[in-house]
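See below for the structure under consideration.
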Amino acid sequence: MGVADDHPGEALRALDAELAATIGRLQRARMELGFILKKSVPADLPPEFATAAAGTPLPEAERSFVTVMSRVLGPKGIAAYAELLRNPVEDPAGDAFSQLPADADEQTRAEVADGLVAYVLELWRQNPGLRTLSADAPRGEKYAKKTVGSAFQEIYNEAQADVLRRLGVLLIEARRTPASPPADPSEEHEATPKG
């Protein structure tokens, strides 16, 4: 702080703010740990999603994706995604996506993508908050969507990532039809199939 400073107020305020942030992080960590111990929820999931997924076994890829979502979404997006985990929409299309092997042929990929369109539209109907997951993302929508897109590429196998790209195009087309609700076309990466 310097010997010449009689009243190092600015430096002390900065130190106080840093200590307050550290204390806040430690208090949240303790609360999360206590919650995990008390509720016996999955310890490998972020606490925002642990209770939502407590009764639902998630495949490894989905667990990894949930972790990514917890890092990029804001409070409203996290709440919407947690609601989906609490009330999953079961559909054979989601199962077909989850079980799609990396070496799936073109026809199979196209069929799985086609099957997912109605499934994702139903997810959006039952969980309207999914349509705007990244609207309150702390680092902005663009960053959240880019991160989610990158996560798809890293978490899912080659065929699944290709199906998700195809699905994005099909959803844009489906939303242009009068029967589909209007939406922002940039949301194509926002709903992940769950099966």
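Residue numbers run from 1 in the order of the sequence given. These figures come from a predicted structure and were not determined experimentally.
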Closest non-hydrogen atom pair, Lys76 against Asp136: N-OD2, 2.7 Å
Does Leu130 reach the side chain of Glu83, with side-chain heavy atoms less than 4.5 Å apart? no
Within the supplied structure, the quantity of interest is the number of heavy atoms (other residues, nucleotides, ligands) at a distance under 6.0 Å from Glu158 CD; does it exceed 12? no
Pair Arg165-Gln160, side-chain donor/acceptor within less than 3.5 Å: no
What's the shortest heavy-atom distance between Asp91 and Ala93, and which atoms? OD1-N, 2.7 Å
Please report the C-alpha distance between Glu10 and Arg13 in whole Å, then the side-chain angles of each, then the deciding distance to 0.1 Å, and finally whether the salt bridge (charged side-chain N to carboxylate O under 4.0 Å, His left out) criterion is met. CA-CA 5 Å; Glu10 187 174 317; Arg13 281 189 287 280; 5.7 Å; no
Among Leu171, Val163, Leu121, side chain to side chain contact (heavy atoms under 4.5 Å, CB included) partner for Leu116: Val163
Could you tell me whether the side chain of Leu26 reaches within less than 4.5 Å of the side chain of Ile23, counting heavy atoms only? no
Are any of the side-chain heavy atoms of Ile172 and Val169 separated by less than 4.5 Å? no
Report the C-alpha distance between Met69 and Val148 in whole Å, list the side-chain angles of each, state the deciding distance to 0.1 Å, and finish with yes or no for side-chain contact (heavy atoms from CB on, under 4.5 Å). CA-CA 7 Å; Met69 297 297 268; Val148 168; 3.7 Å; yes
With Asp103, which residues qualify under side-chain contact (heavy atoms from CB on, under 4.5 Å), at least two apart? Pro101
If you compare all heavy atoms of Leu100 against all heavy atoms of Asn157, which two are closest, and at what distance to 0.1 Å? O-ND2, 2.8 Å
So, do Val72 and Arg139 sit near enough that their side-chain heavy atoms are less than 4.5 Å apart? no
Could you tell me whether the side chains of Ser98 and Asp95 share a donor-acceptor contact shorter than 3.5 Å? no
Sub-4.5 Å side-chain heavy-atom contact between Val66 and Tyr81: yes
Taking the six-membered ring for Trp and the single ring otherwise, decide whether the centroids of Tyr119 and Phe97 are under 6.0 Å apart. no
Looking at every non-hydrogen atom in both residues, tell me the closest pair between Arg109 and Ala104 and how far apart they are. NE-O, 2.9 Å
Asp162/Arg166 salt bridge by N-O under 4.0 Å criterion: yes
